[in-house]
Amino acid sequence: MATVALKDVSKVFPNGTLAVDNVSLDVNDGEFMVLLGPSGCGKSTVLRMVAGLEDPTSGAVMIDGEYANDLTPRDRGVAMVFQDFALYPHMTVEDNIAFPLKLTGMELTPREERVASVASALGIGDVLGRRPSQLSGGQRQRVAMGRAIVRRPRLFLMDEPLSNLDSGLRAELRAEISGLTRELGVTTIYVTHDQAEALTMADRVAIMRRGVLQDVGTPTQVYGR
Ligand code: ADP
Ligand code: ADP
């Protein structure tokens, strides 16, 4: 559980591109915030600054009220899922999901229990023994999500995780992702250019255009205006 606050955050890349222009945004504890806007408007850059993968040129990122600028991604307690997820091809589904827990030194029994509960929430409990090559695209994305969430991060960051999937699967996974994050109570920031995704998943939507934050509110608020 965590809060995130962006305070007057800007990002200018070395080539002079102003990708993010003075954005301030508060994300509440346990909230599902969707960052919505067309390609190139700065969504990924915002997410990468929250994750600690990119430094703001000016302004500050705060996590739980503390300045995060000097914290590594690991210290921030973030887990991230991208559209181009990479699973370990030689490992089973179970081992893929368990891998981050092994790194923390968790014992076998609690590890197996944790993996089983995440896998069952994501509907992949029956394919734990398979390897990634033996899964559908949707199943692979579920494994990637399971691997990200299994450590119970403070913050869950997703960048267009469904954009490579067909529309039926997208709809199914939307519901699963919102269900899972709410069940875990994990604060989530979800980047998409898909308005339907924003409307169905978000507690609140933050709409970006050309690096600027244009509007923030519940789906009803921002589309009722
Ligand atoms: P979105 O996620 O909304 O598609 P991005 O945050 O990826 O947008 O990009 C915002 C703008 O910043 C775009 O104009 C993009 O080309 C530019 N940009 C992103 N990353 C870099 C980079 N590493 N160097 C220079 N420009 C970048
Ligand atoms: P998306 O729109 O899905 O965020 P992009 O194609 O904009 O993806 O960016 C993919 C990667 O390329 C990102 O890591 C981004 O930082 C980088 N990138 C984007 N635009 C530029 C650019 N103009 N110069 C250098 N790197 C860039």
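We count ligands from 1, going down the list as the structure has it; atoms in each ligand are counted the same way.
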- Query: Salt-bridged, Arg154 to Asp64, with N to O below 4.0 Å?
  - Reply: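 So Arg154 pairs with Asp64 through a salt bridge.
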- Message: Please determine whether a side-chain nitrogen of the Lys or Arg among Arg182 and Asp203 lies less than 4.0 Å from a carboxylate oxygen of the Asp or Glu.
- Response: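 Asp203 and Arg182: salt-bridged.
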- Is it true that the NZ or CZ of Arg147 lies under 6.0 Å from the centre of Tyr88's six-membered ring and within 45 degrees of the ring axis?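 The answer is yes, since Arg147 meets both limits relative to Tyr88.
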- Task: Report yes or no: do Val191 and Val216 belong to one cluster of Ile/Leu/Val/Met/Phe/Trp/Tyr joined by side chain heavy-atom distances under 4.5 Å?
- Result: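 In one cluster: yes.
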- What do you reckon, does Phe13 have a nitrogen or oxygen under 3.5 Å from a nitrogen or oxygen of ligand 1?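 No; the residue has no nitrogen or oxygen that sits under 3.5 Å from a nitrogen or oxygen of the ligand.
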- Query: Any N or O of Ala19 that comes nearer than 3.5 Å to an N or O of ligand 1?
  - Reply: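 No, Ala19 has no N/O under 3.5 Å of an N/O on ligand 1.
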- Message: Any atom of ligand 1 sitting under 4.0 Å from a heavy atom of Gly42?
- Response: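 Under 4.0 Å: yes for Gly42.
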- Query: Pro38 near ligand 1, heavy-atom distance under 4.0 Å?
  - Reply: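 The answer is yes, since Pro38 has a heavy atom less than 4.0 Å from ligand 1.
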Of all the atoms in ligand 1, which lie at a distance below 4.0 Å from a heavy atom belonging to [X]?
X     : value
Ser39 : 4 (O)
Cys41 : 1 (P), 3 (O), 8 (O)
Lys43 : 1 (P), 2 (O), 3 (O), 4 (O), 6 (O), 8 (O)
Asn15 : 25 (C), 26 (N)

- Taking only residues two or more places apart in sequence or in another chain, which ones pass salt bridge (Lys or Arg N to Asp or Glu O under 4.0 Å) with Glu172?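 Here the qualifying residues are Arg142.
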- Task: Look at atom CD of Glu66 and say whether more than 12 heavy atoms of other residues, nucleotides or ligands are closer to it than 6.0 Å.
- Result: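 No, because the 6.0 Å sphere around CD of Glu66 holds 12 heavy atoms or fewer from other groups.
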- For ligand 1, the portion of Thr45 having any non-hydrogen atom under 4.0 Å away: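 Both parts.
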- Could you name the option among Gly211, Gly40, Pro14, Ser44 that has the heavy atom nearest to atom 14 (O) of ligand 1?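 Looking at heavy atoms only, the winner is Gly40.
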- Check: Arg204 side chain, Thr218 main-chain N or O, donor-acceptor pair, under 3.5 Å: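 Here the side-chain-to-backbone pair does not exist.
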